[in-house]
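Below: one structure, written as structure tokens.
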Number of protein chains: 2
Amino acid sequence: MTIRELAKKLNLSITTVSRALDGYSDVAEETRRRVIEAAQEMGYEPSFAARQLRRKRTDTLGYILPTSSPRFSDPFYTTFLTGLCDEAASQNMDLLVTSSPPESEEEKEQYRRMVQSHRVDGIILNRTRINDWRVEFLTEHKFPFVALGKGKTEAAFPYIDVADEALFEELVAHLSNRGHQRIGFIGTTPSLVIQQDRFAGYLRGLERAGLEFDPALVRQVRLTENDGYLAARELLALPEPPTAILGINDLTALGAVRAAKEQGIYIGTELAIAGYDGIKETEYTVPPLTTVLQPTYEIARTLARMLVELIDGQIPPDTVVPVQPTLVIRASTG
Amino acid sequence: MTIRELAKKLNLSITTVSRALDGYSDVAEETRRRVIEAAQEMGYEPSFAARQLRRKRTDTLGYILPTSSPRFSDPFYTTFLTGLCDEAASQNMDLLVTSSPPESEEEKEQYRRMVQSHRVDGIILNRTRINDWRVEFLTEHKFPFVALGKGKTEAAFPYIDVADEALFEELVAHLSNRGHQRIGFIGTTPSLVIQQDRFAGYLRGLERAGLEFDPALVRQVRLTENDGYLAARELLALPEPPTAILGINDLTALGAVRAAKEQGIYIGTELAIAGYDGIKETEYTVPPLTTVLQPTYEIARTLARMLVELIDGQIPPDTVVPVQPTLVIRASTG
DNA sequence: GATTCGCACCAAAACGTTTTGGAGTTATCC
DNA sequence: GGATAACTCCAAAACGTTTTGGTGCGAATC
């Protein structure tokens, strides 16, 4: 079912058929009606490849899922992906998804392909790194992209700025108000922007509370439940263990919960634990976990919308959208 | 950066360049080396649109996420999606993802577009319906697809058959062994294959245990945590409430957990609760939830692989892959 | 010395659209 | 009544590949 066959059946030129369907004004209403009707009836749909080739637009957004472990499953990403999907759909765009481990050769290859073969019109980045080669690569190729968080770069691109630092400061203040003096921090590799921001917030929180920073209370691990578990075990095995543990995200905090339970430590009374993201799991632990609720779904939608607007040249590349998450205090911090 | 420019720079015809890169044997090794080197250096990558148009292949798999609520987030799907992504990647394919509410106009439109505009080479279906118009539509258009579960249809297509019925039977047996006589079932709309199978397993389980089926103990809701919560509240408010509740999936079972907690009912002793899927959350509840562990990640990978093989004509359309999940008994059922 | 063969390359067609730059017809204006 | 405008429609080019059906040339074969 090509436009040619449709045109033949209607005794029209393919030009007219194309323009009728695209809503141009230089085709008679009566003709348009006939064309649309026939198209519907014969189930005609323009070939995407052909249209893409000619228009030089793909109407597709790209997203590369950073999969730490092969069987990874951070619920944060279901929500994030759904947000991207929904917004893309409502903008008449599709979403092309790939997955690869961060900083792998595979990842590089995938970005290269997406960009250089014009697979997509723009790319959504998250888990931005401090010195992110993706940012360099994409700006160098003048390829439209938006990101969740900005690293250390001269490049200008639209991004969402979550007030991570402020919220971590607040978390520490909250714990210190509850009398905690030794507050542990399960962080991740310093190459990630979230580590930079959240750790900075942690430090500022300590300072403001007049607490001394003890490097022994800090761990840097991958962003998985299991790594959180292992890190927490280490912290709890210290000669002077912390009385509170902050996870850089909910997943690591949940790992800490598991470690504490395993050792029969009462969470909330003997040990305070808090996370960050606001994933559903934090409601089910006993006691429920204090966390910072990010509007993940809205963030994703906003990112997708920003990307579309960037592609259409409707927003400047230096657009910044601030997001203020909210502290959700639950029983895990007493 | 087109093949033409590359050819010009190399003083070769575009034919030779194309064939050199595609590994044809009718190009001298020395020439191929030069071509590959130049391509790498100049960052040439074939235009996807052009290639697609000519080859009549997209090297893309399609998947439409069934989003019940706009902000939905069933962790089952992160795992499922990651599986699809990973397998697609390892087959040199990409994954095109869209989302829409089941049985909506939007959904129809999306399937129609994907198929008729040759957006993808094949489609992965899950949450198969008993009389699934998608199955009819896709077979009618001779469009390659695979599914998780098969409905009531004459059509032949590769699918994965999870032994849902047997496992639900086992679940009921397990509960009846623990002395439960009134076992509730939070199911979903009978139009879904999983409802059909799992409910059948529930019934057979009752029968085998010599228990009478009481329709009052059955609810049909959407597959969300909140609907599970509401259904459980209803069940617990009955004059003769059940002593055990089976959720058709973990999400609804988690809703039941919430309802029980809210009413101060001790789970595991006063009320048994079990789910199905094996999502991570079930480990965090107190007590941890009895569930049926499906190898979701592997199922997704297998589906993707089957689809690629179907497209390549390497497997017949009537391939069936059976999957045997495992019962995971935890404290929530005593 | 003519024929055949294998090797390395290539021109041109095809894929199915959108867009450009008109062309033909009828209505409108002075 | 001739020029202008408005309205419909269209032929052909272009998008960047892959594929088809070659060509030219030197070596091997008879």
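A, B, ... follow the sequence lines: proteins, then strands. Residue 1 opens every chain. The model shown is predicted, which means the values in this text are computed figures rather than measured ones.
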Terminal axes of the helix from C:dG1-D:dC30 to C:dC30-D:dG1 (5 end pairs apiece), angle rounded to 10 degrees, sit apart by 50°
Identify each donor-acceptor pair in which a side-chain atom of residues 7-15 of chain B lies under 3.5 Å from a protein atom, sequence neighbours left out, and give them as a table.
from, atom 1, to, atom 2, distance (Å)
B:Ser13, OG, B:Thr15, N, 3.4
B:Ser13, OG, B:Thr16, N, 3.1
B:Ser13, OG, B:Thr16, OG1, 3.1

Could you work out, with side chain to side chain contact (heavy atoms under 4.5 Å, CB included) as the rule, every residue matching [X], not counting sequence neighbours?
{"X": "A:Glu45", "value": "B:Arg112, B:Arg113, B:Gln116, B:Ser117"}
{"X": "A:Ala50", "value": "A:Ser47, B:Leu53"}
{"X": "A:Glu30", "value": "A:Arg33, A:Arg34"}
{"X": "A:Val97", "value": "A:Leu81, A:Leu95, B:Cys85, B:Val97"}

With a 4.0 Å heavy-atom cut-off, tell me which residues in residues 17-42 of chain B come close to DNA chain D, sorted by residue number.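 By residue number: B:Ser18, B:Arg19, B:Tyr24.
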Could you tell me whether [X] contacts a base, only the sugar-phosphate backbone, or nothing, with contacts defined as non-hydrogen atoms closer than 4.0 Å?
{"X": "B:Phe48", "value": "nothing"}
{"X": "A:Thr15", "value": "base"}
{"X": "B:Ile14", "value": "base"}

For [X], enumerate each residue passing the ring pair (Phe, Tyr, Trp, His ring centres under 6.0 Å) test, keeping only those at least two apart in sequence or located in another chain.
{"X": "A:Phe76", "result": "A:Phe80"}
{"X": "B:Tyr111", "result": "B:Trp133"}
{"X": "B:Tyr24", "result": "none"}

Under 4.0 Å from any heavy atom of chain A: name the first and the last nucleotide of DNA chain D that qualifies, 5' to 3'.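 The contacted stretch runs from D:dT8 to D:dG16.
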Distance test, side-chain N/O of B:Ser13 to OP1/OP2 of C:dC9, below 4.0 Å: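 Answer no for this pair, as no side-chain N or O of B:Ser13 is under 4.0 Å from OP1 or OP2.
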Test side-chain hydrogen bond (donor to acceptor under 3.5 Å, both in side chains) applied to B:Ser99 - qualifying residues, sequence neighbours left out: A:Asp86
Does atom NZ of A:Lys152 have more than 12 heavy-atom neighbours from other groups under 6.0 Å away? no
